[in-house]
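Computed from a predicted model, the values in this text were never measured in an experiment. Proteins come first, then strands; the chains are lettered A, B, ... in the order of their sequence lines, and each starts at number 1.
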Amino acid sequence: MKKSIFTIENNERLTNDVYRIMLSGDTSAISAAGQFVNIELDGLYLRRPISVCDLEGTMLTLIYKVVGRGTEKMSLLTKGKKLDLLTGLGNGYDTSKSGDNPVIIGGGVGVPPLYMLAKKLISAGKKPKAILGFNTKSEIFLEDEFSALGIDVYVASADGSYGIKGYVTDALRECGAYDYTFSCGPEPMLKAVYNAAETDGQYSFEERMGCGFGACMGCTCETKYGFKRICKDGPVLERGEIIW
Amino acid sequence: MVDTKVVLNNIVLDNPIIPASGTFGYGAEFTELYDLNILGSISFKGTTLNERFGNKTPRIAECESGMLNSVGLQNPGLKAVCEHELPNLAQIYKKPVIANISGFSLEEYVECARAMDKKENVGIIEVNVSCPNIHGGGMSFGVLPEAAAEVTKAVKAVTTKPVYIKLSPNVKDIAAIASACEEAGADGLSLINTILAMRIDLKTRKPILANKMGGMSGAAIFPIALRMVYQVYESVKIPIIGMGGISSAEDVVEMMLAGATAVQVGAANLKNPFACKEIIEDLPRVMEKYKISSLCDIIGGAH
């Protein structure tokens with residue numbers, strides 16, 4: 001973990017309520033896809049945890065959805081503004097456990113951390129394919145970026161307005177063989193993927209956090225291997241330890 | 001050169017800054033950021049006889065200048081704390097620590113105190129009679145003067161280490177409870193614990209915390225904590241560790257003027273993991289600004 005000041009380079013709207021913010025600063029504490037940063041915002045007591053979408057040198061990309069006061073404040077921030085971040089939080093995905101042909105499955109605002117994961121898997125010599133699930137066509141983001149990585153991308157929309165009609169689990173049935181599963185999204189989606197997936201895998205969870213670095217025990221869940229802090233021992237849990 | 005040393009019973013602290021129980025774990029998360037040995041002491045995560053998961057999540061909510069928690073005393077239990085956490089803490093922190101203990105019965109308090117009494121790196125035993133999160137448990141000991149006195153006597157009987165009772169603000173007359181603890185033999189008092197509070201989610205129209213209610217902490221509660229320390233200081237002679245929303249070196253000085261001999265910093269650690277370090281480093285500047293040569297001289301100075 002590191003605490004340092006980042007400078008906003010860009011903050012743009014991607015869909016109705018989803019934004020991409022790019023920040024430059026000391027990214028050296030970030031080691032794995034699926035980790036997150038915890039952002040201090042003026043006027044709010046607690047920091048806001050946001051997963052890392054991409055990392056290129058000192059440039060950090062986050063994609064967030066406006067869901068409350070914190071993310072609303074974030075959406076109004078402009079280029080040049082400085083932000084205090086805790087970086088390198090959480091365990092992140094362990095790509096070494098994957099076979100050569102993993103499938104990565106994201107739903108809604110759970111999609112962003114999987115972009116960095118896809119890049120990590122590719123650079124590790126693996127051939128991932130991606131399934132991205134959204135409610136409707138207007139909410140889709142990052143499809144082009146995933147495609148530009150040269151991997152197969154399957155987009156599912158719940159209302160059938162784009163791609164495969166249905167959920168990510170419908171796309172999972174159509175995407176062909178895979179030997180490992182990486183997933184991030186709302187808990188009902190994770191559970192559906194867990195039940196549908198035919199392989200081992202890793203699942204990234206969300207919880208209301210206090211500190212974000214393991215001190216307050218605010219986000220603990222029970223697993224088959226004991227109590228785990230989502231912020232420190234997670235947010236990524238292995239399939240074999242999850243208790244629903 | 002200003003003198004930041006303070007004395008709790010016979011223990012000399014290099015400065016009065018102590019991370020509060022439940023906001024600092026056993027120090028492991030913070031030791032990668034700075035050398036913990038700058039701290040006056042450390043009050044580690046509350047220990048109960050048996051391992052506890054605590055309450056369901058969500059356990060955290062936010063408010064203006066503060067937060068609510070309903071963690072519910074999650075901890076690995078007395079045996080694991082004594083065998084693993086305390087030895088690990090001794091590796092990263094060389095000074096005496098404060099053992100915060102909780103219980104659901106007198107026997108449980110006694111058993112925890114007896115085990116902590118044997119631990120070399122434990123300087124003070126801090127008895128939590130005030131956690132608002134345990135149904136029908138911890139709360140009752142801290143709410144009635146007689147019950148607080150009873151637990152004080154029981155713990156004092158099994159240890160030679162200084163015993164501090166950590167008081168709840170969720171009571172009618174905190175000074176009466178403080179006096180009862182002093183009469184029962186308490187060596188000091190820690191106050192205040194969190195204030196019982198609630199938030200409701202407008203989208204779901206239900207309480208945010210799964211436990212519905214939780215303890216409020218953070219800068220917002222500082223004036224309440226200060227008032228209670230001021231009141232308690234007028235009714236007891238034993239030292240007070242003041243806490244509740246302390247976020248700056250100025251707050252430390254203010255709390256000491258109200259009557260605290262040392263302070264604990266809680267929620268501020270969660271917002272800024274360097275909070276204690278920054279307060280310690282800023283303390284000499286603030287002392288010079290207000291012409292304080294020795295912190296010991298200002299304890300209770302506002303009375």
Side-chain angles (χ1 to χ4, degrees), chain A residues 1-5 28-29 31 37-49 66-73 83-91 187 205-223 225-235 243, chain B residues 19-20 22-30 32-34 45-46 51-76 80 199 201-203 208-210 214 216-220 245 247 266-275 277-278:
Chain A
M1 167 171 60
K2 267 196 179 164
K3 178 176 179 290
S4 51
I5 304 297
S28 60
S31 58
V37 298
N38 215 0
I39 308 173
E40 187 170 75
L41 295 165
D42 292 344
L44 296 179
Y45 196 76
L46 296 174
R47 290 168 183 266
R48 293 301 188 268
V66 174
V67 293
R69 284 180 73 195
T71 41
E72 193 180 330
K73 273 180 190 282
L83 289 176
D84 182 323
L85 266 64
L86 299 179
T87 57
L89 304 179
N91 57 352
E187 200 165 309
F205 286 80
E206 222 180 13
E207 189 51 76
R208 274 181 184 263
M209 293 175 186
C211 61
F213 53 89
C216 74
M217 312 288 159
C219 61
T220 309
C221 70
E222 288 187 82
T223 75
Y225 307 137
F227 306 154
K228 291 210 168 178
R229 297 160 293 180
I230 290 297
C231 71
K232 177 84 177 178
D233 311 309
I243 300 172
Chain B
T23 63
F24 213 73
Y26 306 93
E29 290 74 28
F30 296 84
E32 61 175 288
L33 297 176
Y34 66 91
K45 178 74 186 158
E51 181 185 51
R52 282 182 55 82
F53 173 70
N55 293 317
K56 288 199 174 105
T57 57
R59 297 173 173 184
I60 302 289
E62 192 179 41
C63 62
E64 288 301 325
S65 301
M67 60 178 286
L68 283 65
N69 90 82
S70 58
V71 170
L73 292 175
Q74 182 191 335
N75 81 97
R199 296 302 315 258
D201 185 329
L202 298 187
K203 285 180 200 154
I208 291 175
L209 300 173
M216 179 171 159
S217 57
S247 320
N269 293 308
L270 310 181
K271 181 178 174 57
N272 173 11
F274 288 101
K277 181 177 194 278
E278 289 173 8

*Between B/Gly22, B/Gly66, B/Ala219, which residue shows the highest count of heavy-atom pairs closer than 4.5 Å to chain A?*
B/Gly66
*Flag the one option from B/Pro273, B/Gly27, B/Ala61 with the top tally of heavy-atom pairs under 4.5 Å to chain A.*
B/Pro273
_Are A/Arg208 and B/Glu62 packed together at the side-chain level, in the sense that at least one heavy-atom pair is separated by less than 4.5 angstrom?_
no
*Can you tell which part of B/Lys56 gets under 4.5 Å to a heavy atom of chain A, answering side chain, backbone, both or neither?*
neither
*asked:* I'd like to check A/Glu207 versus B/Pro58 (side-chain heavy atoms, cut-off strictly below 4.5 Å). Are they in contact?
replied: yes
_Closest contact, heavy atoms only, B/Ile60 versus A/Cys216_ = CD1-SG, 4.2 Å
*Let me know if A/Phe227 has heavy atoms under 4.5 Å from chain B in its side chain, its backbone, both or neither.*
side chain
*asked:* I need the minimum non-hydrogen distance between A/Ala215 and B/Leu270, along with the two atoms involved.
replied: CB-CD2, 4.2 Å
_Verdict with reasoning, A/Met217 to B/Asn69, per side chain to side chain contact (heavy atoms under 4.5 Å, CB included)_ = CA-CA 10 Å; A/Met217 312 288 159; B/Asn69 90 82; over 6 Å; no
*Say whether, by atom type as modelled, one donor and one acceptor occur between the side chain of B/Glu32 and the main chain of A/Met1 under 3.5 angstrom.*
yes
_Largest heavy-atom contact set with chain A, pairs under 4.5 Å, which of B/Phe24, B/Tyr26, B/Phe53, B/Phe274_ = B/Phe53
*Judged by atom type as modelled, is there a donor-acceptor pair below 3.5 Å linking the side chain of B/Lys271 to the main-chain atoms of A/Leu44?*
yes
*Grab the two heavy atoms, one from B/Thr57 and one from A/Thr220, that are nearest each other, plus how far apart they are.*
CG2-O, 3.4 Å
*Heavy-atom pairs under 4.5 Å with chain A are the metric here; pick the option from B/Gly54, B/Ala267, B/Gly266 that has the most.*
B/Ala267
*Reported OG-to-OH distance for the pair B/Ser217 and A/Tyr45, which is rounded to 0.5 angstrom*: 6.5 Å
*Against chain A, label B/Pro76 side chain, backbone, both or neither, depending on which of its atoms sit under 4.5 Å from a heavy atom there.*
neither
*Flag the one option from A/Lys2, A/Arg47, A/Lys3 with the top tally of heavy-atom pairs under 4.5 Å to chain B.*
A/Lys3
*Should we count CG of B/Leu202 as having more than 12 external heavy atoms under 6.0 Å?*
no
_Does any backbone or side-chain atom of B/Ala220 lie under 4.5 Å from a heavy atom of chain A? Answer side chain, backbone, both or neither._
neither
